[in-house]
Amino acid sequence: MTGAAAQYDRAMPAVPRAAYVVVALGLVVSGCSADGSAAAAIDGGTTTVTTPATADTTTTSTTSTTSTTTTTTTTTVPTFPLRGVVTGPDGAGLPGVSVAAGGEVATTDFAGSFWIAAVPAGPVQVERFAWLSQTIDWDGQATLEVDLEPRVVRALRATPATIADPERFDALLELADTSAVNALIFDTKDETGKVRYATNVEKALQLDAVNATYDPVSAIALAREHGLYAITRVVSFEDEVWSTRDPAAKLAGYWVDPTNEENWEYPLALAVEACELGFDEIQFDYVRFPAGRTAVAARSRTPDTGAERVAVIQGFLTEAKARLHPMGCALSADIFAIVVSTPNDQGIGQSPEELSQAVDAISPMVYPSHYSPGWLGFPDPNDYPGPVTADAIDDALPRLAPGTVLRPWLQAFWYTPAQVRAGIDEAESRGVGWMLWHARGSYTLDSLPQP
């Protein structure tokens with residue numbers, strides 16, 4: 001092979017959404033102010049709600065006259081300082097968690113600590129993208145200590161052809177119902193450069209890149225009915241259609257130039273639209289510089305150092321987070337598995353330390369068939385799915401930013417059910433979840449854990 005990274009281009013053919021929300025107190029008041037709304041003021045550790053009350057007084061004389069007398073009722077709601085700490089399963093403080101109470105929001109620091117000066121007792125909502133949220137009934141007195149759990153995704157890729165065939169999609173949903181699967185992965189734009197639904201993104205229309213195969217709204221609705229988390233892939237910088245029909249965007253081969261920030265807008269626009277359509281999480285794939293022969297052809301236009309290449313990819317993902325988080329969508333990225341086990345970016349601009357700072361979940365593609373002979377001392381690593389998967393996960397976990405979830409892609413092609421399970425079992429034993437890749441979307445119940 002030409003460098004370890006060269007073997008990582010895919011060999012095969014191609015719940016409500018978590019959002020930072022503000023928790024309202026739900027105070028019930030009667031009457032309204034002059035403009036039709038209740039009046040409230042926060043004053044020195046209390047919340048004062050003033051409600052006008054109107055009574056009609058009638059006096060009787062030769063001429064009947066009606067006068068109106070207005071009185072006010074004042075309700076005082078005490079407020080308290082809210083402080084605490086949020087930790088993960090390992091007991092370490094969890095940064096970047098949103099804590100919302102009484103109309104105020106705080107974000108935990110690097111140690112997982114948070115503080116809000118004054119809020120009434122009541123519900124406190126604790127959330128982090130790619131983690132399971134909690135709502136706590138706070139009495140206004142105790143310091144909160146909150147343990148969050150990551151969202152452990154166990155997913156199958158639903159190919160566009162599978163979704164387009166009602167019988168096949170029903171079978172996939174039934175497979176999820178009868179196994180531990182709790183998520184599906186769809187395609188927005190795939191490796192061919194085709195957008196797989198009727199998009200309104202102008203660039204896709206200009207490129208004539210639309211190959212509408214399925215309706216994402218109805219597909220997401222069906223996934224919801226089965227209790228499934230919905231992720232969609234957006235293939236980013238390898239795109240045959242785009243690189244061919246828009247030469248100004250081209251880097252080399254079928255790759256567009258990630259260093260040109262104008263080229264960020266197309267995949268970002270698709271990601272935003274996918275979030276609007278209802279997907280829970282947007283996953284960027286091929287979010288890197290090319291490898292192999294294309295890398296050689298692109299060398300003159302590719303940054304010279306690994307730090308520069310990584311900064312480009314990290315910048316793209318950081319911009320994606322800035323657009324998607326306010327909309328309520330989680331963000332993830334696929335990376336070569338080899339970069340979690342080597343000290344450099346392998347020429348592609350992927351490093352787990354930096355990229356994990358920009359995303360909620362990161363997914364190394366752990367396909368033993370793609371590892372070089374001799375890896376871990378195995379003549380053919382493809383024959384050892386369990387040990388290869390375990391090694392990649394163990395290498396990756398200590399290199400991720402605190403709070404970023406690890407969720408590997410695992411090989412489901414060319415494998416027996418027992419071999420598929422060998423990789424899954426290693427991921428399960430480490431609590432990181434998994435996603436199965438099979439280009440044709442072919443999976444069997446005996447390869448999957450039970451609920």
Side-chain angles (χ1 to χ4, degrees), residues 16-29 38-50 74-152 280-281 317-331 353-354 356-362 398 400-406:
R17 178 183 310 161
Y20 288 172
V21 296
V22 176
V23 180
L25 284 174
L27 294 174
V28 178
V29 297
I42 296 176
D43 180 22
T46 62
T47 299
T48 303
V49 180
T50 303
T74 300
T75 303
T76 300
V77 179
T79 59
F80 311 90
L82 172 59
R83 58 173 56 88
V85 64
V86 182
T87 57
D90 59 358
L94 189 61
V97 179
S98 171
V99 181
E104 302 291 334
V105 181
T107 302
T108 58
D109 62 17
F110 70 94
S113 299
F114 63 90
W115 179 76
I116 300 176
V119 288
V124 178
Q125 188 145 350
V126 184
E127 294 188 328
R128 194 185 199 283
F129 287 106
W131 291 67
L132 299 176
S133 63
Q134 285 193 38
T135 300
I136 299 162
D137 189 13
W138 177 55
D139 62 6
Q141 302 299 318
T143 297
L144 287 186
E145 297 181 359
V146 184
D147 298 321
L148 279 192
E149 294 289 333
R151 179 181 295 279
V152 179
D280 298 302
E281 179 176 314
L317 292 172
T318 299
E319 178 62 24
K321 180 191 285 187
R323 300 190 190 191
L324 294 173
H325 273 191
M327 299 177 65
C329 278
L331 169 66
E353 288 85 357
E354 288 82 359
S356 63
Q357 295 173 23
V359 297
D360 304 303
I362 202 157
L400 300 189
T404 302
V405 173
L406 182 71

Counting only N and O atoms by type, is there a donor-acceptor contact under 3.5 Å from the side chain of [X] to the main-chain atoms of [Y]?
X: Thr318; Y: Ala358; answer: no
X: Arg128; Y: Pro95; answer: yes
X: Gln141; Y: Ala121; answer: no
X: Trp131; Y: Gly403; answer: yes
X: Thr404; Y: Ser356; answer: yes

List the atom of [X], the atom of [Y], and the distance in Å for their closest heavy-atom pair.
X: Pro120; Y: Gly102; answer: CD-CA, 4.4 Å
X: Leu94; Y: Gly88; answer: CB-N, 4.3 Å
X: Pro150; Y: Val405; answer: CB-CG2, 4.0 Å

In Å and rounded to the nearest 0.5 Å, what is the [atom1] to [atom2] distance from [X] to [Y]?
X: Asp147; Y: Gln134; atom1: CG; atom2: CD; value: 7.5 Å
X: Leu406; Y: Ile362; atom1: CG; atom2: CD1; value: 8.0 Å
X: Thr79; Y: Ile116; atom1: OG1; atom2: CD1; value: 12.0 Å
X: Gln357; Y: Glu353; atom1: CD; atom2: CD; value: 8.5 Å
X: Thr107; Y: Phe114; atom1: OG1; atom2: CZ; value: 11.0 Å
X: Ser113; Y: Arg83; atom1: OG; atom2: CZ; value: 10.5 Å

| said: Does the plane of the ring in Phe80 sit parallel, tilted or perpendicular to the ring in Trp138? Use 30° and 60° as the thresholds. | reply: perpendicular

| task | List for me each residue that meets side chain to side chain contact (heavy atoms under 4.5 Å, CB included) alongside Glu145, sequence neighbours excluded, and say none if there are none. | result | Val85

| said: Measuring only between side-chain heavy atoms, which start at C-beta, is Leu331 closer than 4.5 Å to Phe129? | reply: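 Side chain of Leu331 against side chain of Phe129, heavy atoms only: no contact under 4.5 Å found.
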
